[in-house]
Amino acid sequence: MAQVKISKELTAASATSIVLGILRDGESYGYAIVQRVRELSQNEVEWTDGMLYPILHRLEAEGLISARWGESETGRKRKYYRLEPAAAEVMEDERRQWTTIHRILTGLWAPKMS
Amino acid sequence: MKSSNPITPALAGLPPEIAAELEDHLLESAAHSQSRGAPAADAQRLALHQLGDPASIAHACHRAVRCPWWCRRGLPIEWRALVAGWMALGIFFTSRVCVAPEPSTLSIAVCILAGIASVALGAILLRGRARLRRLAVAASIALTALGGILLALAEIRPALSTSFALGPSLSFALATFGLLSTGVLQSRRLRRWAS
C-alpha cells in the first residue's frame, strides 16, 4: 500500500493533541518528542523539527505543560517538559473532537450497500 | 583542515533560553546522524537543515507565548471569570474616588489601595497558578467581611458610607461578590484543578 503523507494543515491541527499525548507517557524533551512522532507516524506525518518548539512554548504559557531545566546524559543543558493537571480536560476535549470527525468521515466513506 | 561548527553562529543573538534549547536539539540530532556514519560537519549541517531557521523558530516561540488570558485554554472558565471579576472590582474601587461627593483623604487612600489590591490579585490569578487558589479564597472572605462591615457602618454612621460613595446596596453587592468568589473557588472542579 502506498505511503500516505499527511497534509501540512492536518499536521498543524493535530500537533497539540500529539504533543500532549506523547507527554502523557512521561516527561520528555524536544528532540525526543520529534523522534517519537516520527516513530508513531512511521514518517507519514511530516514534522519539521522546528515546528515543535512554538507549540511547546504555547502549551507552557497556557499552563497545560510545565518545563524544567535539567541535564542530558552528556551533561548538556536540556529543557524537559511534562503535563500539568489542566491538560487532562483539554486532552479529553481534543479526543472527543477527533473521535467525532473520525466517526463522520468513516460513516461517509463506508462502502455503500446497494 | 579543521571543520567549522555551523551551529554556534546560527544560534547567535537568540534569547539564551531558546538558544540553549535549540542547541541541545541540534547537537542531539547531529549526534544521531554521526552514529549512522555521517561526518561531524555534515551531521551538524543536516541537523540545522532539519530544524529550520533558528531565528524564525525563536520569533514563533515569542509570538506563541504572547497569548492573552482569554485564550489560555488551561485556565478553567470559573478561574477566568474570577480574573475578570477581580479586575472589574479594582476599577470599581478606584472609581469611588471620583464618584464620592466629598471624599476624605482616608477614603481616597482606602479606595485606591483596594483598587490596586484587587487588580493585582486579578493579575496574579492570570498566571493560572493553581496554588494561588488559597490566596484568592482569603481575599474573597476578606471582601465579604468588608462588604458586611460597610453594610453595618451604613446603618451606624451614614456619613462614612457617603465619603466612600459605598451605599448599602453597593456594600451588599461587594459582600455578595466576595461570597460568590469564595463559593466558586471552593467548587469541586476548581479544587480538583488546583490539587
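To find a chain, count down the sequence lines: A is the first, B the second, and so on, and within it residues start at 1. In this text, all values refer to a predicted model and were calculated from it rather than measured experimentally.
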Modelled atom types, side-chain donor and acceptor of A/Tyr29 and B/Glu28, under 3.5 Å: yes
Cluster overlap B/Phe92 with B/Leu146, hydrophobic side-chain contacts below 4.5 Å: yes
Nearest-0.5 Å distance, CD of residue B/Glu21 to OH of residue A/Tyr31: 15.0 Å
Polar contact flag, side-chain donor to acceptor under 3.5 angstrom, A/His57-B/Glu17: no
A/Glu92: partners by side-chain hydrogen bond (donor to acceptor under 3.5 Å, both in side chains), with sequence neighbours left out: A/Arg95
Transitive ILVMFWY side-chain link B/Ile141 to B/Leu185, under 4.5 Å: yes
A/Tyr53: side-chain hydrogen bond (donor to acceptor under 3.5 Å, both in side chains) partners, not counting sequence neighbours: B/His25
Heavy atoms from other residues, nucleotides or ligands near CZ of B/Arg36 exceed 12 (cutoff 6.0 Å): no
hydrophobic_cluster_shared for A/Leu64 and A/Met51, side chain cutoff 4.5 Å: yes
A/Met91 reachable from A/Ile101 in the ILVMFWY side-chain graph, under 4.5 Å edges: no
Chain A contact via B/Leu27 - which portion, at a heavy-atom distance below 4.5 Å: both
A/Ile65 with A/Trp69, same ILVMFWY side-chain cluster at under 4.5 Å: no
For A/Arg38, all residues meeting side-chain hydrogen bond (donor to acceptor under 3.5 Å, both in side chains), sequence neighbours excluded: A/Gln35, A/Asp49
Pairwise distance CG(A/Leu52) to CG(B/Leu51) - rounded to 0.5 angstrom: 10.0 Å
Closest heavy-atom pair and its distance - B/Ala60, A/Pro54: CB-CG, 3.5 Å
Contacts of residues 75-84 of chain A with chain B (heavy atom under 4.5 Å): A/Arg76, A/Lys77, A/Arg78, A/Lys79, A/Tyr81
